[in-house]
Protein chains: 2
Amino acid sequence: MLKEKASIIPHECGDCPIRHRAVCARCESDELEQLDQIKYYRSYESGQTLIWSGDTMDFVGSVVSGIATLTQTMEDGRTQMVGLLLPSDFVGRPGRASAAYDVVAVTDIVMCCFRKKPFEEMMARTPHIAQRLLEMTLDELDAAREWMLVLGRKTAREKIASLIAIIARRDATLSKNGTRGLLVFDLPLTREAMADYLGLTLETVSRQVSALKKDGVIELEGKRRVTVPDFNRLLEEAGDDSDGGMLI
Amino acid sequence: MLKEKASIIPHECGDCPIRHRAVCARCESDELEQLDQIKYYRSYESGQTLIWSGDTMDFVGSVVSGIATLTQTMEDGRTQMVGLLLPSDFVGRPGRASAAYDVVAVTDIVMCCFRKKPFEEMMARTPHIAQRLLEMTLDELDAAREWMLVLGRKTAREKIASLIAIIARRDATLSKNGTRGLLVFDLPLTREAMADYLGLTLETVSRQVSALKKDGVIELEGKRRVTVPDFNRLLEEAGDDSDGGMLI
DNA sequence: GGTGCCGGTTGATCTAAATCAAAGCAAGGC
DNA sequence: GCCTTGCTTTGATTTAGATCAACCGGCACC
């Protein structure tokens with residue numbers, strides 16, 4: 001199978017696939033021109049660590065394509081994923097010198113990077129950027145808090161169902177396939193990465209995925225391709241309010 | 001013992017105890033005057049629910065004094081605390097109509113509330129407020145992510161030690177008592193609230209608190225008053241990098 | 001055509017924390 | 001004083017998930 005080339009890098013903000021969702025979403029064309037001055041693209045291969053916790057950060061940026069994870073690790077090796085970075089998500093924190101988490105590419109990835117200093121200066125005089133960043137940060141905070149409920153109170157089966165539901169929902173919004181009811185998508189994560197996300201061991205993840213399959217909650221084609229025949233059933237298994245889970 | 005009166009409510013921003021830490025921290029005096037137009041104080045008693053998840057919010061605001069919790073509850077009653085609100089913390093989300101979490105007063109509480117609509121309008125034209133709110137939200141996001149590691153990967157004993165360390169650290173920054181080494185403070189939470197924070201049962205919390213006491217990591221005076229003889233020891237028990245835990 | 005290796009599955013056993021149950025203790029009301 | 005109520009502790013038992021261990025299947029590489 002041919003590997004998709006990661007080298008199709010946009011150079012104009014106009015045809016950027018994340019133009020309307022990233023930090024720059026609210027910018028006018030003159031503001032985009034300013035951003036253009038301080039931006040550069042950079043690509044990473046699957047498995048590569050983009051940023052090590054503790055590194056000094058000289059840039060911030062947006063994920064243009066691909067998927068990365070944000071993880072925290074204890075001295076003895078226990079690791080917990082604390083965020084999943086998808087296209088349009090923002091990486092780095094203005095006003096902070098060093099990275100607080102490891103950022104690892106799960107697939108090949110393209111980043112749109114801004115040199116940190118000039119970006120901070122621009123943010124100070126461009127409310128559109130700060131406003132959008134606030135909005136995105138509030139969304140991430142909500143996601144993190146929802147995840148706290150998953151980590152703290154849900155059973156292994158509910159955790160797996162929750163993760164699949166999140167991926168399904170996100171996939172539906174990104175790929176905008178109008179076909180309701182039947183959802184098909186690929187799990188972007190290995191069993192181990194899923195375990196790190198859910199606070200489980202990879203064996204438990206494997207067992208619970210198999211159990212959900214046996215019970216007809218999901219169907220599997222190979223190890224990664226998932227079909228969800230009944231999204232509300234999945235939400236029930238996740239322990240969520242079934243009405244709260246409307247797509248989009 | 002006399003109950004502290006919650007009725008000492010500031011009316012001037014000038015002598016407000018959270019003036020330099022809340023959303024309004026960066027505001028100039030003319031901006032404070034504008035805020036003054038749309039603000040009002042409101043107090044709640046210990047145990048009262050300030051906001052129910054799903055309620056429409058007609059205000060946002062800052063905690064002036066007292067402590068509140070942010071909790072999420074599943075249909076079957078399992079609950080997870082997703083935030084602890086201390087003086088200067090912000091409540092509510094600009095741009096969102098309804099509350100996502102329950103907010104419950106743990107002690108008597110005084111809030112400085114802003115009517116939501118005018119606050120949003122003011123935020124749009126006052127970068128100082130949006131900037132400060134962004135900063136605060138980023139801090140909360142970091143705290144939430146640190147908590148994800150606690151919930152997902154730490155043992156019961158480590159969870160308790162982590163919680164005590166957080167409360168100790170916060171108490172040290174708030175009360176600014178320069179005495180290093182020996183920390184004394186009150187646990188503001190019941191065993192049940194601690195359990196909800198940590199994703200444990202209240203029995204496990206009680207057992208682990210006793211165990212930490214038996215092992216000399218903490219000392220107890222009554223049920224609530226805690227002394228930490230050696231903060232680094234506590235951090236070790238929490239599984240944290242001992243160097244990462246410097247006060248302030 | 002073997003031989004590693006990576007990601008995944010499956011099974012047996014162990015254990016930390018949950019659950020079930022009872023009782024202690026301080027504060028407040030009558 | 002006595003009783004209730006809310007919070008906490010302590011004990012016995014159960015269990016969900018971790019841990020330890022073996023093995024499977026595809027795929028790259030010599």
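Naming convention: chains lettered A, B, ... in sequence-line order (proteins, then strands); numbering from 1 in each chain. No experiment lies behind these values; they were computed from the predicted model shown. Computed from heavy atoms alone, side chains included, the values below leave out hydrogens, waters and symmetry copies.
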Between protein and nucleic acid, restricted to nucleotides 22-27 of chain C and to nitrogen or oxygen atoms under 3.5 Å apart, what atom pairs and distances do you find?
none

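- As rounded to whole Å, 15 Å separates atom P of dG7(C) from atom CG of L187(A).
- Applying the ring-ring contact (aromatic ring centres under 6.0 Å, His included) test to every pair with at least one member in residues 63-85 of chain A, sequence neighbours left out, gives no pairs at all.
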Each nucleotide N or O in nucleotides 22-27 of chain D that has a protein N or O under 3.5 Å away: list the pair and distance.
none

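- Note on G47(A): nothing from the nucleic acid sits closer than 4.0 angstrom, heavy atoms only.
- Interface residues of residues 146-164 of chain B facing DNA chain D, ordered by number: none; criterion, heavy-atom separation under 4.0 Å.
- The ring-ring contact (aromatic ring centres under 6.0 Å, His included) test applied to Y101(B) returns no partner, not counting sequence neighbours.
- For the pair L220(A) CG and dG8(C) C1', the interatomic distance rounds to 12 Å; values are reported in whole Å.
- A donor-acceptor pair is defined here as one N or O able to donate and one able to accept, closer than 3.5 Å; no such pair exists between the side chain of T49(B) and the backbone of W52(B).
- Contacts with DNA chain D (heavy atom under 4.0 Å) in residues 205-215 of chain B: S206(B), R207(B), S210(B), listed by number.
- A side chain to side chain donor-acceptor pair (under 3.5 Å) check over residues 147-163 of chain A, counting only residues at least two apart or in different chains, returns the pairs R153(A)-D196(B), K154(A)-S162(A), K154(A)-D240(A), T155(A)-E158(A), R157(A)-D215(A), R157(A)-E237(A), E158(A)-R78(B).
- Judged as a side-chain hydrogen bond (donor to acceptor under 3.5 Å, both in side chains), and not counting sequence neighbours, the contacts of R93(B) are D139(A), D142(A).
- Taking every side-chain heavy atom of L202(B) into account, dT8(D) is the closest of dC20(D), dT8(D), dT10(D).
- Applying the side-chain hydrogen bond (donor to acceptor under 3.5 Å, both in side chains) criterion to T204(B), with sequence neighbours excluded, gives T201(B).
- Partners of D186(B) under the side-chain hydrogen bond (donor to acceptor under 3.5 Å, both in side chains) rule, at least two apart in sequence or in another chain, are R225(B).
- Between R145(B) and E140(A) there is a salt bridge, since a side-chain N of the basic residue sits under 4.0 Å from a carboxylate O of the acidic one.
- Take S206(B) and apply the side-chain hydrogen bond (donor to acceptor under 3.5 Å, both in side chains) test, not counting sequence neighbours, and it matches no residue.
- The CZ atom of R191(B) sits 5 Å away from the P atom of dT8(D) (whole-angstrom rounding).
- Remark: T201(B) is in phosphate contact with dA18(C), judged by side-chain N or O atoms under 4.0 Å from OP1 or OP2.
- OP1 or OP2 of dT8(D) sits under 4.0 Å from a side-chain N or O of R224(B).
- By the ring-ring contact (aromatic ring centres under 6.0 Å, His included) test, F59(A) is found to be paired with no residue, residues two or more places apart in sequence or in another chain being considered.
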